[in-house]
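The structure appears below as structure tokens.
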Amino acid sequence: MAQIAQVLVDVPTMQTNRPYSYQIPSAWQSQVQPGMRVVVPFGRGKRRVQGFVLKCDDATTYDGDLKAIDAVVDLAPVLNTEALKLTAWLAASTFSFQITCAQTMLPAVMRAKYQKLLRPTAETPAAVATEIFHGQPSVDFDQIATTPAIVSQLLRLQAAGEVDVYYQVKNQARHKTLVGVKAAQSLPELAAAEATVRTGAAKQLALLQGLQTLNGETITQRDFSACFDVSEAVIRTGEQKGWLEKTAIEVYRDPYATANIKPTQPLKLNAEQQVAVDQIVAAVDQPATTTFLLEGVTGSGKTEVYLQSIAAALAQGKTALMLVPEISLTPQMVQRVKGRFGKAVAVLHSGLSSGEKYDEWRRIRRHEAQVVVGARSAVFAPLDDLGLIIMDEEHESSYKQDDAPRYHARQVALWRSQYHHCPVVLGSATPSLETRARAEKGVYQRLVLADRVNNRPLPAVSIIDMKKEMQQHAESNFSRALLVALQDRLDRHEQSVLMLNRRGYSSFVLCRDCGFVLKCPNCDISLTLHMDTHTMKCHYCGHEEAIPRVCPNCHSRQIRYYGTGTEKVEEELQDLMPDARIIRMDNDTTRKKGSHAKLLTKFGSGEADILIGTQMIAKGLDFPNVTLVGVLNADTALGLPDFRASERTFQLLTQVSGRAGRAEKTGHVYIQTFNPDHYAIRFAKHHDYEGFFKYEMHMRHQGGYPPYYFTVQITASDLDEAIAAKRMYQLLQWLKPRLTPNTIILGPTPKPIARVNRRYYYQIVIKYKQEPNLENTLTTLLHETQAQQRQGLQIGIDVEPLHFM
DNA sequence: AGCACGCCGACT
DNA sequence: GTCGGCGTGCTC
């Protein structure tokens, strides 16, 4: 019987990033298993923390006194063998703490909350009892200890045994219950009771008769009262008379339960789709793991290929995971999958409450759901016996997590496919260069859907040179051609979609007299004007202040709003076309839960003529009546100092073009740009992914960028700019001799937005083809810099970063 | 992270 | 002398 548990404690630091040995109390020795959460004492004080049992052993190499596990949180492991292995791999490959990885893989409610409490003891003097506790059994330490003087006074009291410090480890997970109703008497007793009720008490009679039909089963009070038309008050009376008893029924919070989902039938596949499905399905029960790149233009029916492949995996008794970018996880998408697989589907995305996510997670773990649809973190869904993993829109940068652990869902998906020996399908109309290059080399198997369903032609694309436009006309967000086209759709009662590249295109405040621009006091960027709240906001740190009426610098009244946010575009368009019904979709109008879906439904039902929005409208929406797509500023992203700028622009333009003319009506796309000759725009005009891929690969080869090189970004930040810079130069000297001569180190450079939240950021980028020592070197780096972290220097490592700014 | 320990300047 | 500031090391 295992007596010792190796526990990963919830203290995310470099020094505690390893298991600690604990004694398992004999009463629990048969119960504790790897993957369970426990509460353990940690440190010299009375601190208690949550931890994960990694291993159960008979012995330990640690030769000090062992402490014992305080409490076992779970009845069954929450991390299975696969998840424990994945945790270790994830921590090593992203240079993050194992505990952080374990927590990332689980629903947020399973993370412990800690409270430090003060409790009176037998020795507590009466004066202290009234002064501190006011008759309460315990008080929150941090609420009382507001000044250093009070803290030391409390510590003195504690040393004297006059108060007790206690750490509470709280489990946030709550199971939702409904009130259930169950007969408490036998049938004859209930029948006999009918005679005892006062004449005219029709509801009580109905209650008794209803109870007799239950057959000893429990049903919810809500159903009971609806079924037998008795009120809650009558049920309470029945409870008092002892006819029935109320129980708690555990239920899942199901966010889609009320939605009417129509079952859908598999569609007839065209020849290409059939080939793709056959290949994928054939790989499901192969011992080797195959990764497919499913390359298909918008409207080529990728989703149907996914659904039929999933169906085949389910038919083999396996489970399936389907990842989609957060932004395209729309109600339409969910309906499509639920329509095909019904209750077997669990959905995981950021729009769910934490309780809903927890319940979906439990449904998956209990094998009540075999298909999981979700965004990035759904890649950790606790599916056993995986038969297929699908990653739609695999090029989307939202698959990469921005903060620790900085993982890419694609890498996790590939790891899990190796573990389960199941295929992965990476789907996209515009695959990332990394993926497409791997398909070229034969690492991934390429499947192509070149035809659009029903052989619909791709929309015509017109490029509008805004430089010429500016010379000929007054300054406007709209070219003549686009305005004419918009008016034309309005006349024909067809719909239009207008997209703004938001980056670098928000409205700011500028003084016409002195040129002053209102900037964030904490960050290195200008504040953005928000007309809805009438404030200036910083998009990086959230700082908010009033809109200035006079210039803070020269006190001139000539202070004006500049730039073009979606709000301004909407305003200008409404002026130009007073009759048009316009819907605006951006971060402001979709912040509230469900408003995103509401706006789309409104547009879909024809209640508006024009939809204006940011990137979020480029993906996954499919409205048959949209025949015009306009991109107002195609090139704002092109100017960014990021080697992926062209790739992103091409992907975005191609994707948004796919929104035009999806039904019988042909579509037209207008792209307004100041760089009409840029290759990303030229290739997008002709829907030419192949051409773009070849050209961009050439550019990457020239520049020495991925996929020809691997990259790692190291960031340092400090409140003091000089310290951040100095440490980075020291780091450079430290790194150089440890890496091979072929490796290229770029920087250090200040990040393009050098200051965020009052911290100054510097970065180094390592480019390499082969670097066997990299993992060791960077882990050593983290160990060696942890002393400096305490002094305020923060070091971050991002493997294969997607954003270089 | 959070705590104790140890070393220094400033005060009763 | 001692209180409390902060830098340092350790947590099974």
Side-chain angles (χ1 to χ4, degrees), chain A residues 2-26 28-29 32 34 36-73 91 96-104 111-119 140-161 163-170 172 403-405 718-720 723 727 782-796:
Chain A
Q3 294 152 30
I4 289 161
Q6 301 290 334
V7 177
L8 191 61
V9 292
D10 183 10
V11 182
T13 65
M14 214 55 219
Q15 308 108 86
T16 53
N17 190 30
R18 61 192 171 84
Y20 285 82
S21 305
Y22 283 87
Q23 186 74 42
I24 308 173
S26 52
W28 295 333
Q29 282 180 5
V32 174
M36 286 181 175
R37 289 173 299 165
V38 289
V39 175
V40 292
F42 193 70
R44 277 179 273 201
K46 294 188 173 182
R47 190 178 177 200
R48 301 194 312 147
V49 296
Q50 190 175 79
F52 289 85
V53 176
L54 294 184
K55 254 174 100 182
C56 293
D57 276 329
D58 300 322
T60 173
T61 51
Y62 179 71
D63 61 352
D65 285 340
L66 293 187
K67 291 183 181 176
I69 288 174
D70 247 22
V72 182
V73 180
S96 42
F97 310 120
Q98 220 180 321
I99 186 69
T100 316
C101 294
Q103 285 169 340
T104 304
R111 195 168 296 193
K113 276 259 188 292
Y114 300 103
Q115 201 180 10
K116 189 179 174 183
L117 296 174
L118 227 44
R119 297 188 301 195
D140 188 291
F141 185 93
D142 295 317
Q143 268 177 23
I144 303 242
T146 43
T147 66
I150 298 178
V151 173
S152 56
Q153 189 202 342
L154 289 175
L155 288 176
R156 268 196 304 275
L157 287 172
Q158 192 210 346
V163 294
D164 182 30
V165 173
Y166 178 76
Y167 278 85
Q168 195 164 18
V169 181
K170 280 195 212 158
Q172 301 175 74
D403 36 57
D718 197 280
L719 291 171
D720 183 337
I723 289 178
R727 291 284 181 268
L782 285 179
H783 274 111
E784 294 199 357
T785 50
Q786 47 103 350
Q788 295 172 11
Q789 293 215 333
R790 210 179 273 234
Q791 283 139 31
L793 183 86
Q794 286 175 11
I795 304 273

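Order of the sequence lines sets the chain letters (A, B, ...), proteins ahead of strands, with each chain counted from 1. Keep in mind that the numbers below use all heavy atoms, side chains included, and drop hydrogens, waters and symmetry copies. What you see is a predicted model; the values in this text were computed from it and never measured.
The residue A:R18 sits close to a base: some heavy atom pair falls under 4.0 Å. If you check every strand for non-hydrogen atoms under 4.0 Å, A:Q15 touches a base. In this structure, A:P19 reaches neither bases nor backbone, as no heavy-atom distance under 4.0 Å exists between it and the strands shown. At a threshold of 4.0 angstrom between heavy atoms, the contacts of A:S152 are confined to the sugar-phosphate backbone, with no base atom among them. When heavy atoms are screened at a 4.0 angstrom cut-off, A:F42 is found touching base atoms of the nucleic acid. Within the 4.0 angstrom heavy-atom criterion, only backbone atoms of the sugar-phosphate kind lie near A:D65; the bases stay farther away.
For the pair A:M14 CE and C:dG9 P, the computed distance is 17 Å after rounding to whole Å. In this structure, A:R47 atom CZ and B:dA4 atom P are separated by 12 Å, rounded to whole Å. Rounded to an integer number of Å, the gap from NZ of A:K46 to C1' of B:dA4 is 15 Å. In this structure, A:Q50 atom CD and B:dA1 atom P are separated by 18 Å, rounded to whole Å. A:R156 has its CZ atom 13 Å from the P atom of C:dT2, to the nearest Å. When the C1' atom of B:dG2 is taken as reference, atom CD of A:Q158 falls 13 Å away, rounded to whole Å. Rounded to a whole Å, the OH atom of A:Y166 is 17 Å from the P atom of B:dG2. Look at CG on A:N17: it is 16 Å from P on C:dC12, rounded to the nearest Å.
At a threshold of 4.5 Å between non-hydrogen side-chain atoms, the residues A:V73 and A:Q50 count as touching. Counting heavy atoms from C-beta outward, A:Q98 and A:L54 have side chains that approach closer than 4.5 Å.
Taking 4.0 angstrom as the limit, A:Y20 places none of its side-chain polar atoms (N or O) nearer than this to OP1 or OP2 of C:dT11. For the pair A:Q791 and C:dC6, the criterion of a side-chain N or O lying under 4.0 Å from OP1 or OP2 is not met. Side-chain nitrogen and oxygen atoms of A:R48 include none within less than 4.0 Å of the OP1 or OP2 phosphate oxygen of C:dT11.
Using modelled atom types, one side-chain atom of A:Q29 and one backbone atom of A:I24 make a donor-acceptor pair closer than 3.5 Å.
Salt-bridge formation is detected for the pair A:K46/A:D164: a Lys NZ or Arg NE/NH1/NH2 atom is positioned less than 4.0 Å from an Asp or Glu carboxylate oxygen.
Residue whose closest nucleotide on DNA chain C sits further toward the 5' end, between A:R790 and A:A149: A:A149.
For the pair A:Y62 and C:dC12, the ring geometry qualifies as stacking, because the centroid separation is below 5.5 Å while the planes lie within an angle under 30°.
With 3.5 Å as the limit, one finds no donor-acceptor pair spanning the side chains of A:Y114 and A:R48.
In this structure, of B:dG2, C:dC12, B:dA4, it is B:dA4 that holds the atom nearest to the side chain of A:R44.
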